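Ligands are counted one by one from 1 in listed order, and the atoms in each one are counted from 1 as well. We're numbering straight along the sequence, starting at 1. Please read these numbers as outputs of a predicted model, since none were measured by experiment.
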Amino acid sequence: MELSSLTAKKLSQMLRAKECSAAEILESILQQINISEKDVGAYITITEEIARKQAKVVDEKLKKGERLGDLAGIPIAVKDIICTEGILTTAASKILENFIPPYNATVVERLLANDMVITGKVNLDEFAMGSSCETSRLKVTKNPRDLKRVPGGSSGGSAAAVAANEAVLALGSDTGGSIRLPAAFCGVVGLKPTYGTVSRYGVIPLASSFDQVGPIGKTVEDVHMLFDAIAGEDTKDMTTLKNRKDEKEFDIRKLKIGIYKELFGERVNPEIATSVMNMAKSLESHGAAIKTVSIPYMEYLVPLYHIVMTIEAASNLGRHDGIRYGYKAKDFEDTEEMYCKTREEGFGAEVKRRIILGTFLSSAQFGGAYRQKAFFFKQKLAEAYAKAFEECDVLLSPTSATPAFKLGESVDPIEMYATDLCTVGANLASVPAISIPCGLVGKLPIGAQLIGPKYSEHFLFEVGEFYENNCK
Ligand code: GLN
């Protein structure tokens, strides 16, 4: 078996038992990149030489018996929206195609403090706006499970890299589902942590009241390890809190699973609904209780998300003006024209659409009415989730209503926005959610989503690990 196909957990054990070196693990990944990257196209930048140096340092530390991080020597791919010092960081946009950050995001510092090996920066939808990776202005990424299909988005490069064994782990970011959807489409595990759990310092923002960085891996256990490495308070991001763990103890015989009724509606592919229900049933056969739980406001979820997200995105993207950094238009007569041309040429259609909508929704003529109403409903939804968690420990639903669709198939923006139906609720309610593979439609993977109350990541891991170890 190739080292590149093993889990982070297994590789860490082998490294410590001196059954392999960090350099060997890395070479196995680089070899796999050589084989499959021309088809998959996960990476925007491959940092081969830097990775070799990092692996060498790990091997030297090991030899000297120095203390190493739990994920030492594990190759990881980083979504290209997360700043890396001295390494191109594009957000898959033309406007940042030459941007080399002078500093690392806090999450990258944490990977390095853990002695991890960064293999490169991976593709995404432009500024994380999309569900298929197709809005990337730089390249096309394909689903390793079926090269005619999309890997999902926006963290499509992250999920595809892990699924293709071109990285052992990856970092993604999730504003409305961008970790969970590609994880489901590519057959890997992805977690969107509780809002405020992982630092966003140095992460190019999309919508600041939703954005969260999170882990992608082959197993729940691997995602758990990476989450522990990146989570925690950061004085550079005032939304982060001191590590808050849910103290609830996991016991399969006491587990109450809430079937999220509205997310099993007619829009969901019946094979997906059956697979997710089978997951519930197999947990039930080990002692868990199942009950149907309803969370209202279903039809408002996607529109509500788009109001808040576009308003915040329009504001966040104001900084890309051709003056500070990034792309600048060549021919212009005055400053006004320079701004206009830079943004016209630098941003793609989806980004422009959202800037226009967000600017319209927050314009003075409405006096903040859309935003106010959206925040009112966001609060209502959070309350509805909190109420649901009085009846159950975790909510279960499909991660996506359909399996991965074909490249070029979903060109209508409204159709694309609908792919977020199952995922945006967790972002709106600021709660954690994990997508775990639970079957196949033909040869395409299906993701089941487990949603928990705030700070219940470790409980979600226990449920997921139990499922992986006992039900598959
Ligand atoms: N697909 C969603 C969108 O287009 C989610 C994006 C994200 O989570 N970054 O906005």
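Counting heavy atoms only, Gly176 comes closest to atom 8 (O) of ligand 1 of the residues Gly176, Ser131, Ala418. Which of Met309, Arg354, Met416 comes nearest to atom 4 (O) of ligand 1 through a heavy atom is settled by distance: it is Arg354. Heavy-atom proximity to atom 10 (O) of ligand 1, evaluated over Phe127, Tyr305, Tyr417, is greatest for Tyr305.
Defined by atom type and a distance below 3.5 Å, a donor-acceptor pair is missing between the side-chain atoms of Ser4 and Asn165. Defined by atom type and a distance below 3.5 Å, a donor-acceptor pair is missing between the side-chain atoms of Lys236 and Thr106. Neither side chain, Asp174 nor Gln212, offers a donor N or O lying under 3.5 Å from an acceptor on the other.
Taking every non-hydrogen atom of Ala128 and a distance limit under 4.0 Å, the qualifying atoms of ligand 1 come out as 6 (C), 7 (C), 9 (N). For ligand 1 and Gly177, the ligand atoms under 4.0 Å from any heavy atom of the residue are 8 (O).
Classification of Glu344 and Lys352 as a salt-bridged pair holds, one side-chain N sitting under 4.0 Å from a carboxylate O. With salt bridges taken as basic N to acidic carboxylate O contacts below 4.0 Å, none links Glu126 and Arg353. In this structure, Lys142 does not pair ionically with Asp39, as no charged nitrogen and carboxylate oxygen lie closer than 4.0 Å. Residues Asp237 and Arg200 are paired through a salt bridge, judged by an N-O separation under 4.0 Å between the basic side chain and the carboxylate. Taking a cutoff of 4.0 Å between a charged side-chain nitrogen and a carboxylate oxygen, Glu383 and Lys387 do not qualify as a salt bridge.
Of the protein's non-hydrogen atoms, Ser178 OG, 2.9 Å is the one closest to atom 6 (C) of ligand 1.
Side chain of Glu134 to backbone of Leu407: no donor-acceptor contact under 3.5 angstrom is found.
Within the 4.0 Å heavy-atom criterion, the part of Leu206 lying near ligand 1 is the side chain and not the backbone. With a heavy-atom cut-off of 4.0 Å, Ser154 touches ligand 1 through its side chain alone. With a 4.0 Å cut-off on non-hydrogen atoms, Asp420 touches ligand 1 through its side chain and not its backbone.
Every heavy atom of Phe210 sits 4.0 Å or more from the atoms of ligand 1. Within the 4.0 Å heavy-atom shell around ligand 1 one does not find Gln212.
Checked against a 3.5 angstrom limit, the closest N/O atoms of Gly130 and ligand 1 fall inside it. Looking at His306 next to ligand 1, no N or O pair under 3.5 Å apart turns up.
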